[in-house]
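Accompanying notes for the structure given below.
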Amino acid sequence: MAHHANEDARGKPGNYTMMQYFEWYCPSGGVHWKKYADDAEHLADIGITACWLPPPTKGSSPEGTGYDVYDLWDLGEFDQKGSKPTKWGSKEDLLDAIRKAKDNGIISYIDAVLNHKAGADDKEEFLATMVDQNDRNKLVGEMHNIEGWTKFTFPGRGDTYSPLKWNYNHFTGVDYDAKTETKAIFKIQGDGKGWAEDVDDENGSYDYLMFTCPFVVDHNHPEIEQELYKWGDWILKETGAYGFRFDAVKHISQSFIGEFVKHVRSSEGGKAKAFCVGEFWHDSVDALVEYVEGLGTQFSCFDSCLQDNFHTAGEERENYDLRQIFDNTLVQRRPIDAVTLVDNHDTQVGQSLQRWVSSAFKPLAYALILLRVDGYPCVFYGDLYGTGGDNPQQPVAQLEDIIRARKLFAYGELNDYWDHPNCVAWLRKGDEEHDGCVVVICNGKEDGSKKISVGKEHSGEKWTDVMGWHQGEVTIDDEGWAEFFSPPESISIWTKVDARGREEFKKD
């Protein structure tokens with residue numbers, strides 16, 4: 001059984017919450033791993049139990065995020081591409097941060113960038129054919145010799161950890177012919193060469209992600225297949241991480257991803273419960289379901305369809321029917337395989353998949369992923385701490401309190417009150433160790449309210465909103481009913497005034 005949202009670093013059961021611990025504009029200079037180490041106790045306190053870290057592997061420059069991956073085996077240990085540490089810090093700082101997080105009950109996931117490479121050490125000549133950028137199966141012109149930057153010799157690392165040096169045989173395509181200074185998509189020719197067939201069919205074959213991946217890795221090449229399996233085993237063991245977030249799986253052979261996941265879960269010294277989630281960004285829930293069902297092993301995907309619904313709801317405001325928010329989403333179809341999110345580094349303002357959820361709707365969206373039963377929720381660093389760059393965004397108001405409410409109250413049976421387009425609510429009944437809560441969300445311009453039965457056993461209790469956004473209290477009547485309220489375009493999270501854990505909320 002693969003690890004899912006049911007186990008933290010100490011093996012305790014409960015409500016588990018992932019955090020994407022970075023945004024595009026986190027400072028360079030090697031300070032990020034130290035920040036993670038320093039932040040671990042605070043993150044654990046509010047209820048974070050797992051962190052997806054940015055790619056720890058050496059990029060093509062000191063400022064490289066790791067998505068421009070140069071050397072998978074260099075975690076900030078070797079003097080290569082202008083520096084020893086990566087943008088995020090040294091290998092020593094990385095291992096220390098993962099240890100400190102684990103000591104606080106937080107497990108770490110590695111961002112695996114296996115689709116492409118950047119920053120080659122030298123050029124070489126090989127046969128290739130230009131293809132149509134809108135249909136990569138359509139050849140343009142004749143096969144001819146081109147010169148490409150495809151030699152990776154890793155002079156700073158040498159043969160440490162792996163002796164393999166990469167050359168053009170290890171790639172399926174490049175985006176530049178140095179001989180003629182031509183920028184185009186070139187399909188490398190050779191025995192057994194071709195675009196991966198089990199990838200998304202956008203642009204004919206999405207094996208090549210347009211001009212963002214200088215050299216596309218050939219996952220069918222036996223040397224590369226074995227190299228990446230070896231790396232997967234090594235990095236989990238070397239770092240103490242518990243699994244992977246796979247970048248751009250839409251562009252990688254599906255069978256390779258499935259075999260890679262099965263390998264790291266079954267290999268000697270591997271992690272049988274390694275959690276694996278893929279970035280398969282698609283607006284069709286059928287495509288997401290088909291992908292996870294076709295891998296032959298448990299695998300999660302980010303629920304891009306739900307994120308699209310959140311964006312639409314934020315744009316349409318009171319004209320959006322909240323009762324439709326989970327329609328055509330992965331969490332609705334395959335809740336065990338859905339990682340739910342509100343935004344990430346790609347959807348943030350100014351990025352390639354920009355689809356930023358409005359600040360007014362974000363508390364509602366977070367309540368919907370954090371305080372219900374289904375899905376494995378992922379909190380974005382930029383929503384907790386704000387984002388930088390040319391389009392800085394403020395943190396989501398009191399997001400820490402919504403996460404904390406998940407940790408303390410979002411347990412037990414769920415009863416929905418899903419009967420109004422602008423105001424919906426639900427009850428979490430709680431369990432032996434946790435008192436439950438009532439959540440009311442409203443996207444209308446006026447206060448919303450819901451009459452809810454919390455149970456006769458609660459009669460006479462006083463309940464208030466832990467967020468402090470709705471003032472006043474309600475009293476549960478003799479039959480166990482009460483009317484609960486939410487401010488306009490907002491949320492409220494109600495619990496009894498002496499609920500276990502209420503003292504952790506400083507705004508009561």
Side-chain angles (χ1 to χ4, degrees), residues 18-20 23-24 52 199-203 206 209-210 212 245-251 277-293 299-384 387 391 393 396 399 402 418 421-422 424 441-443 489 491:
M18 186 195 313
M19 180 176 176
Q20 176 185 350
E23 57 106 2
W24 269 125
W52 147 32
V199 294
D200 194 71
D201 60 6
E202 190 172 336
N203 296 326
Y206 230 9
L209 175 57
M210 180 64 180
T212 60
R245 177 266 187 187
F246 292 94
D247 183 54
V249 293
K250 196 176 180 181
H251 311 281
V277 57
E279 179 214 8
F280 189 93
W281 206 255
H282 211 296
D283 290 338
S284 162
V285 68
D286 290 336
L288 288 173
V289 170
E290 183 180 353
Y291 185 80
V292 296
E293 287 182 346
F299 189 84
S300 299
C301 276
F302 291 99
D303 196 343
S304 51
C305 300
L306 179 63
Q307 196 276 337
D308 188 33
N309 287 357
F310 288 158
H311 175 257
T312 302
E315 297 301 302
E316 296 184 0
R317 301 180 71 172
E318 74 274 10
N319 296 316
Y320 188 86
D321 187 338
L322 288 173
R323 296 170 296 183
Q324 299 174 1
I325 199 78
F326 291 112
D327 287 359
N328 301 310
T329 62
L330 187 62
V331 72
Q332 181 187 63
R333 291 270 294 274
R334 290 185 69 95
I336 191 127
D337 297 325
V339 172
T340 52
L341 77 160
V342 178
D343 268 309
N344 68 15
H345 63 301
D346 285 327
T347 66
Q348 75 183 81
V349 178
Q351 291 309 307
S352 58
L353 299 172
Q354 179 178 323
R355 201 160 68 183
W356 192 247
V357 176
S358 74
S359 58
F361 193 77
K362 280 204 163 164
L364 287 73
Y366 272 109
L368 286 160
I369 69 170
L370 288 167
L371 302 176
R372 296 175 64 78
V373 175
D374 292 334
Y376 185 2
C378 183
V379 174
F380 180 40
Y381 182 101
D383 285 337
L384 192 60
T387 67
N391 297 283
Q393 303 294 317
V396 176
L399 178 54
I402 307 175
W418 221 250
N422 296 124
V424 298
I441 70 173
C442 173
N443 71 346
E489 292 193 288
I491 68 169

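Note that the structure is predicted; figures quoted are calculated from it, not measured.
Side-chain atoms of V357 and D383, non-hydrogen and from C-beta on, never get closer than 4.5 Å to each other. Between L330 and L306, every side-chain heavy-atom pair lies at or beyond the 4.5 Å cut-off. With contacts defined as side-chain heavy-atom distances shorter than 4.5 Å, the pair E23/Q348 qualifies. Within the 4.5 Å cutoff, no side-chain heavy atoms of V349 are placed close to those of T387. Side-chain contact between K362 and D343: present, with at least one pair of heavy atoms (C-beta onward) separated by less than 4.5 Å. Side-chain contact check for T312 versus Q324: every heavy-atom pair is 4.5 Å or farther apart. F326 has its side chain out of reach of T340: every pair of non-hydrogen atoms, C-beta onward, lies at least 4.5 Å apart. Looking only at side-chain heavy atoms (C-beta outward), L399 and F380 stay at 4.5 Å or farther from each other.
Between W52 and the options Y381, Y376, F302, a ring pair (Phe, Tyr, Trp, His ring centres under 6.0 Å) holds for only F302.
A distance of 7.5 Å separates CG in D346 from CG in D247, rounded to the nearest 0.5 Å. Separation of atoms CH2 (W281) and CG (L353) is listed at 6.5 Å; rounding is to 0.5 Å.
The main-chain N or O of P335 is never found under 3.5 Å from a side-chain atom of D374 such that the two would form a donor-acceptor pair. In this structure, the side chain of N443 does not engage the main chain of A313 through any donor-acceptor pair within 3.5 Å.
Annotation for E290: atom CD does not count as buried by contact number, only 12 or fewer foreign heavy atoms lying within 6.0 Å.
Side chain to side chain, H345 and Q20 meet the donor-acceptor criterion of an N or O pair below 3.5 Å.
Classified by interplanar angle (parallel below 30°, tilted 30° to 60°, perpendicular above 60°), the ring pair F310/F361 is tilted.
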